[in-house]
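Handing you this structure, nothing more for now.
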Amino acid sequence: ATRGLEATKINGQYQVSQALNWCLANPDTSGAIDGQAVKRIMNMGFSKQHAENALKIKRGDVEQAALWCAMNADPGKAEKKAPPKQKKNMRGFASNTTVTSRVSKGGSRKPALTKQSSAQGRFARHIVDTPEKQRKRKAERKALEEEYEKGQEALKKEKTVKATRKNAHNGSGGDVKMRHEADPVLAAVKKRQNTQKQQAAAKALRAAKAAEEKKQKELKARNAKRQQAESKFQGVQDALDYLVKNYSVERVRETLTLIIKVGKRILKDPTEPKFRRIKLSNARVQRAMVRPLGGMYIMRKLGFQEGEEGAVMFMSQPDTKSLQAHLKTVEKSLNRGATKLPELFREAEAKGASSEFIVFAATELQRILAAIAELPGSVPLRSLETAKGSVYAERFAPYKSLVTALSELGFEEHQNGRYVRLTKPDVAVLREAVGDLNREIAARTLNTRVAKALRGLLGKHGKAKAIHLVDKARACIGRIQRSPGEKRYWAVDLKRLFDANDTIEYSRDVFAGLGFTVKDNEAEWGGSDVNGLGLALAHLDHVWKAALVAASGKQ
């Protein structure tokens, strides 16, 4: 190719078409050619020179070389202009059909069928086409024609049906005219469809009517219940007490917070009408004020009245002094949701919890809540493990009501119950709860078994024997605290320690109240509640001081 381009170069520019002709006329003879391959191609009717050129171009590939010979004219044959040797036509092929090539605009060579009366034409057609391919092509063409005819026929039918329906709907259309009145089947279908639509509409109307009746019935029942409950209220304080007793801390705070907000807005600008009007259909008002029994009663006591058939509440002329006094009462009860703790402790006591257990649980909870109130952002302070021996397992888990007390304060389980955490601490509620717990502890501490035993011991045997008992109990607890793993310290021989001074009966009550298991004349510590030892020691010191004060007062 390079030689051809250089040979046909004119004025420094390459002539591609002339270079191609030059290459065909002057083939490259540098490579060796297989003689057998040349003979095979010559037997097909091509000249020796043409066969050698084709083999050189196709790098010795006989089939590709033969095809190339068929697609390119033989220079030797053209010079002699002798008629080709005629052979018997092969069955199914025309003798004057061969494959030639044409050059497109881009310069690429594309095969095409042309008529030639030479032997290479028969050979080329033999390579390109076969009777089997012809039959297959005819079958495919026939199948495509049939498919096309079917599609055209279906399209024609569809157009006819559409035209028929359109004409029937419009009441005109010549030969395809079709009216509902003239077609009883179509009329029956249309009637059935209309009947179904009417039935569905009637059913939906009945359902809506039933839902409305149910809603009105529930509203009447709620209003009757509200009126019955509010008839017992003697004032705002009674309504507040009812809310605190019957609803959760969060619900009470939501209701009272909304009431305080509405009242303060009126006090800020008493002349603004929009502050004195409340839509009862509002979702927040419904949840926080309408549904809780007592909320609407408090609003009426503040000076509001219902209007527009119960759709709104409005205040015509605000009495600022009365409104301010009622708001102070409401604000005092804002955090009273925590007062459910005493009720839950009493419920645990009714289920069998001892006074000492309640005091220890209340003391532990008071310590936890006080710490959280000081540092509400501390996650460790707000988390309690639930494993065996933990504060939660020993102080709260044994009784469901104490677990409920934690839930009421906002503690929730995390990590499949591995610990409980106060996720959203409310400092105001926590401080109110701490006050309730302090009052509960103070009321119960002097009525425990330890307190009663020490008072009885002081009254019957005097101060010396009581001091002996208290000192021995302190020593036993302190020894276990220092070495909780030493099981020999867990058991206390009450007879050896207290039988000599006739205080063994009181010692049983004291050690049982401090968390030991007492059997006959021996007390034994359980081995898991290490934290309870500190609470027991603190309780012993507290009740001992109280007993000494009470004894000195009697004297």
Checklist entry - When you check the gap from the basic side-chain N to the acidic O, do Glu486 and Arg479 get nearer than 4.0 Å? => result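 Salt bridge absent between Glu486 and Arg479.
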Next on the checklist: Please determine whether side chain to side chain contact (heavy atoms under 4.5 Å, CB included) holds for the pair Phe233 and Ile298, giving the CA-CA distance in whole Å, both sets of side-chain angles, and the decisive distance to 0.1 Å.
Outcome noted: CA-CA 10 Å; Phe233 297 157; Ile298 296 173; over 6 Å; no
Next on the checklist: Donor-acceptor check, side chain of Ser378 to backbone of Leu375, threshold 3.5 angstrom: yes or no?
Outcome noted: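 Not confirmed, Ser378 side chain does not pair with Leu375 backbone.
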Next on the checklist: I want to check something: taking the side chain as every heavy atom from C-beta on, are Glu331 and Lys264 in contact at a cut-off of under 4.5 Å?
Outcome noted: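 Counting from C-beta outward, Glu331 and Lys264 do come under 4.5 Å.
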Checklist entry - Are Glu213 and Lys217 close enough for a salt bridge, meaning some N to O gap below 4.0 Å? => result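 No, Glu213 and Lys217 are not salt-bridged.
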Checklist entry - Are any of the side-chain nitrogens in Glu356 or Arg449 under 4.0 Å away from the carboxylate oxygens of its partner? => result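 Here Glu356 does not pair with Arg449 in a salt bridge, since their nearest N and O are not under 4.0 Å apart.
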Item to check | Polar contact flag, side-chain donor to acceptor under 3.5 angstrom, Asn282-Gln286 | outcome: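 Side-chain D/A pair, Asn282 to Gln286: absent.
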Checklist entry - Can you tell me if Arg496 and Asn521 form a side-chain donor-acceptor pair at under 3.5 Å? => result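 Their side chains do not contain a donor-acceptor pair, so the 3.5 Å distance test is not met.
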Checklist entry - Distance from Leu384 atom CG to Glu413 atom CD, nearest 0.5 Å? => result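 Taking CG in Leu384 and CD in Glu413, the distance rounds to 12.0 Å.
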Checklist entry - Is the backbone N or O of Ala288 less than 3.5 Å from a side-chain atom of Thr255, with the two atoms forming a donor-acceptor pair by type? => result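 Confirmed, Thr255 side chain pairs with Ala288 backbone.
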Checklist entry - Of Lys279, Arg300, Arg277, which is the lone residue that meets salt bridge (charged side-chain N to carboxylate O under 4.0 Å, His left out) with Glu306? => result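 Testing each of Lys279, Arg300, Arg277 against Glu306, the sole residue satisfying salt bridge (charged side-chain N to carboxylate O under 4.0 Å, His left out) is Arg300.
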Checklist entry - Would you say Arg276's side chain and Met315's backbone share a donor-acceptor pair under 3.5 angstrom? => result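 Looks like yes, one N/O pair under 3.5 Å.
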Item to check | More than 12 heavy atoms of other groups within 6.0 Å of Gln305 CD | outcome: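 Yes, enclosed.
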Checklist entry - Stepwise, does the side chain to side chain contact (heavy atoms under 4.5 Å, CB included) test hold for Val530 with Gln481? => result CA-CA 7 Å; Val530 179; Gln481 283 182 319; 5.7 Å; no
Next on the checklist: Please evaluate residues Leu240 and Leu256 with respect to the criterion side chain to side chain contact (heavy atoms under 4.5 Å, CB included), reporting the C-alpha separation (whole Å), side-chain torsions for both, the decisive distance (0.1 Å), and the verdict.
Outcome noted: CA-CA 9 Å; Leu240 293 172; Leu256 300 186; 3.5 Å; yes
Checklist entry - Has the side chain of Ser401 got a donor or acceptor atom that lies under 3.5 Å from a matching backbone atom of Leu344? => result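 Yes; at least one donor-acceptor contact below 3.5 Å.
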Checklist entry - Between the side chains of Ser355 and Arg444, does any donor sit under 3.5 Å from an acceptor? => result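 No, no side-chain donor-acceptor pair sits under 3.5 Å.
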Checklist entry - Can Glu158 and Lys162 be counted as an ion pair, charged N to O under 4.0 angstrom? => result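 Result for this pair is yes, salt bridge flagged.
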Next on the checklist: With a 6.0 Å cut-off on the ring centroids, do Tyr419 and Tyr392 count as close?
Outcome noted: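 Judged by ring-centre distance (under 6.0 Å), Tyr419 and Tyr392 do not meet the cut-off.
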Item to check | Atom pair CG/CG of Leu422 and Leu406 - distance to nearest 0.5 Å | outcome: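 Rounded to the nearest 0.5 Å, the CG-CG separation comes out at 9.5 Å.
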Next on the checklist: As a quick check of understanding, evaluate salt bridge (Lys or Arg N to Asp or Glu O under 4.0 Å) for Glu254 and Arg287, giving each step before the final call.
Outcome noted: CA-CA 9 Å; Glu254 185 181 18; Arg287 183 180 65 255; 2.7 Å; yes
Checklist entry - In terms of side-chain geometry, is the basic nitrogen of Asp541 or Arg474 positioned less than 4.0 Å from the acidic oxygen of its partner? => result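 Salt bridge: yes.
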Checklist entry - Do Tyr297 and Tyr242 pass the ring pair (Phe, Tyr, Trp, His ring centres under 6.0 Å) test, and can you show the C-alpha distance, the side-chain angles, and the key distance before you say yes or no? => result CA-CA 11 Å; Tyr297 179 85; Tyr242 184 88; over 10 Å; no
Next on the checklist: Whether the Thr448 and His539 side chains hold a donor-acceptor pair (N or O, under 3.5 Å, no angle test) is what I'd like checked.
Outcome noted: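 There is such a pair between these side chains.
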Next on the checklist: Are more than 12 heavy atoms, taken from residues, nucleotides or ligands other than Glu385, located less than 6.0 Å from that residue's CD atom?
Outcome noted: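 Counting other residues, nucleotides and ligands, CD of Glu385 stays at 12 neighbours or fewer.
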Next on the checklist: Would the distance check show the side chain of Arg508 and the main-chain N or O of Leu494 forming a donor-acceptor pair, the cut-off being under 3.5 Å?
Outcome noted: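 Not confirmed, Arg508 side chain does not pair with Leu494 backbone.
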Next on the checklist: Any side-chain to backbone donor/acceptor pair from Tyr247 onto Leu293? Under 3.5 Å, distance only.
Outcome noted: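 Side chain of Tyr247 to backbone of Leu293, a donor-acceptor pair under 3.5 Å: yes, one is there.
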Next on the checklist: A side-chain contact here means heavy atoms from C-beta on lying under 4.5 Å apart; do Leu514 and Val510 qualify?
Outcome noted: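 SC-SC contact between Leu514 and Val510 confirmed.
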Checklist entry - Taking Phe511 as the fixed residue, which of Tyr506, Phe516, Trp525 is the one that meets the ring-ring contact (aromatic ring centres under 6.0 Å, His included) rule? => result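 It is Phe516, the one option of Tyr506, Phe516, Trp525 that forms the ring-ring contact (aromatic ring centres under 6.0 Å, His included) with Phe511.
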Checklist entry - Would you say the side-chain atoms of Thr271 and Asp269 include a donor-acceptor pair closer than 3.5 Å? => result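 Yes, because at least one side-chain N or O of Thr271 sits under 3.5 Å from a partner of the opposite role on Asp269.
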Next on the checklist: If we ignore hydrogens and angles and just use 3.5 Å, is the side chain of Thr386 paired with the main-chain N or O of Gly417 as donor and acceptor?
Outcome noted: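 Yes, because the side chain of Thr386 sits within donor-acceptor range (under 3.5 Å) of the backbone of Gly417.
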Next on the checklist: Taking atom CG as the centre, does Asp471 end up with more than 12 heavy-atom neighbours from other residues, nucleotides or ligands that are less than 6.0 angstrom away?
Outcome noted: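 Above 12, so yes.
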Item to check | CG on Asp319 to CD on Gln324, rounded to 0.5 Å | outcome: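 Atom-to-atom, Gln324:CD and Asp319:CG are 10.5 Å apart.
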Checklist entry - Are more than 12 heavy atoms from other residues, nucleotides or ligands located less than 6.0 Å from atom NZ of Lys465? => result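 Yes.
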Checklist entry - Would you call Arg395 and Leu365 a side-chain contact if the rule is heavy atoms closer than 4.5 Å? => result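 They are not in side-chain contact.
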Item to check | Whether over 12 other heavy atoms sit under 6.0 Å from Gln228 CD | outcome: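 At most 12 heavy atoms, drawn from other residues, nucleotides or ligands, come within 6.0 Å of this atom.
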